[in-house]
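Just below is one structure, and these are the notes that go with it.
Order of the sequence lines fixes the chain letters, A, B, ..., with proteins taken first and strands second; residue numbering starts at 1 for each chain.
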Amino acid sequence: MSGRGTIASFVWSHREPPGFDLEPPFVIALVELEEGVRLMSNVIVEDRHRVAVGSPVQATFRDRRNEVGLPRFVPREVLS
Amino acid sequence: MTSLRGRFAIVGAAETDRLGRIPDMTEVELHAEAARRAVADAGLVKEQIDGLASGVVDVRAVADCLDLQPAYVDGTNIGGSSYMIQLSHAVAALNAGYCNYVLITHGESGRSRVSAAPWPNPAPDSIAGQFERPYGLTGPPDTFTLPITAHMDRYGTTEEQLASVAVTARRWAARNPRALRRDPITVADVLSSPVVAWPVHTLECCLLTDGGGALVVTTAERALDGPKPPVYVLGTGEGVENHVISSMRDLSSSRSMEISAQRAYRLAGIGPSDIDHLMLYDAFAHTPLYGVEALGVVKPGESGLWFEAGCGAPGGELPVNTNGGGLSYTHTGNYGMFALLESVRQVRGEAAAQVPGVEVSVAHGPAGFFAAAGTAILGRNP
């Protein structure tokens, strides 16, 4: 798996799930991987404008506590 | 196959006396009160009821409480539009001769949670428990809403258009004394209400209430004996698509709602231009957008413009959610029964915000987020 994908849909959740490591608002997204599967995840991002449907993202396995965690995504720079 | 159109009819329809906050009634009591009122509305006595369908509360518990011994039971409970699906099954059962009168009941303590089961969190080793919940999903407000940004991206649907669905519902609610929220709101009010899961704001989320409702369905021949004009079942549909929102096939449209709508149209022998009045399940402001597109009332992608132009509002071309909808009337959790009941009232001509000359009304919505769907096409004439 390349870990590369694009955002298929997302919301900025303002809710506070018990025990969750991300502070609201955080991004819940459905990510389409290049290999053709779609999965639920989070996009870890500071800049709100970097999240949009179609935005390229890259998988990361580091969560906020810098421990190995869930597969999540960060914005991916695209060479043009 | 012989057409079922117009051969069966709704003859009894009623809600619980109160809607909103009912902390003194359990869920089965809400079912029972709605059932008593619907059976009385049909001019029947309990002993004539020989078919029973219910959701939320187990159909066995409802039968026990009402002391019924039905020859036909349906416990379909796959989400908010289960009642359209139960109506569909009731027509089939009546056609098969299993029974003569089917009672369909709903009652839910959505707000007070009296006797209600805890909100079902998925098991940790289920698909949703493993692959969705760990990412901070908590329930309908951040899960059911998730597909809407795909619709916005694909079609240019705007936040203002989404908000106009809530404004449309409130404009109808203002005309209905039984609606819980009746104060006028504007698009600006909606967009300045607290964000729940952007792009969805508090005023774009349904109410959470207590209440119940019930219907009685029978054959067209028996329907003529009742005190109220029969509301004929012209067509019904049901559809399923996905188990979890992650596996919804196309995020900008609902396949289950399309399948359900198409079957209902086929059975009824009508199309979208024949609809005079429309009830669209509005758990959130986006579901009516998917609803009018699935029904073909508008082309894919045009639903936002349609609501923004006031097409579903008072004075618009096709009145939508004339009771005020789940957004402003009531929403116990499984709202579909209330959509059906408003369709019945409009066809009978007894609604609070009555639309003149309703010949055909459609109640249509998703069930279990976008997992499934149900549709009912009702008419004044067979």
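Only the backbone of B:P147 comes within less than 4.5 Å of a heavy atom in chain A; its side chain stays farther off. Neither the backbone nor the side chain of B:P194 comes within less than 4.5 Å of any heavy atom in chain A. In this structure, no portion of A:P24 lies under 4.5 Å from any heavy atom of chain B.
Most heavy-atom pairs under 4.5 Å with chain A, from the set B:T138, B:T143, B:L146, B:D153: that is B:L146. For the set B:L137, B:T145, B:I148, the count of heavy-atom pairs under 4.5 angstrom toward chain A peaks at B:L137. Interface summary for chain B: among A:G54, A:A8, A:P25, A:A29, the most heavy-atom pairs under 4.5 angstrom belong to A:A8.
A donor-acceptor contact under 3.5 angstrom links the side chains of B:S303 and B:E293, judged on distance only.
The side-chain heavy atoms of B:P141 and B:V200, taken from C-beta on, include no pair separated by under 4.5 Å. Looking only at side-chain heavy atoms (C-beta outward), B:F284 and B:V196 stay at 4.5 Å or farther from each other. B:D282 places a side-chain heavy atom less than 4.5 Å from the side chain of B:Y335.
In this structure, B:F144 has its ring center closer than 6.0 angstrom to the ring center of B:H286. Aromatic ring centroids of B:H331 and B:Y281 lie under 6.0 Å apart.
Taking CG of B:L19 as the start and CG of B:L180 as the end, the distance is 9.0 Å to the nearest 0.5 Å.
Residues of residues 240-253 of chain B having a heavy atom under 4.5 Å from any heavy atom of chain A, listed by number: B:I245, B:S246, B:S247, B:M248, B:R249, B:L251.
Using bins of under 30°, 30° to 60° and over 60° for the plane-to-plane angle, the ring pair A:F26/A:F20 lands in the tilted bin.
Applying the salt bridge (charged side-chain N to carboxylate O under 4.0 Å, His left out) test to pairs two or more places apart or on separate chains, none has a residue in residues 114-139 of chain B.
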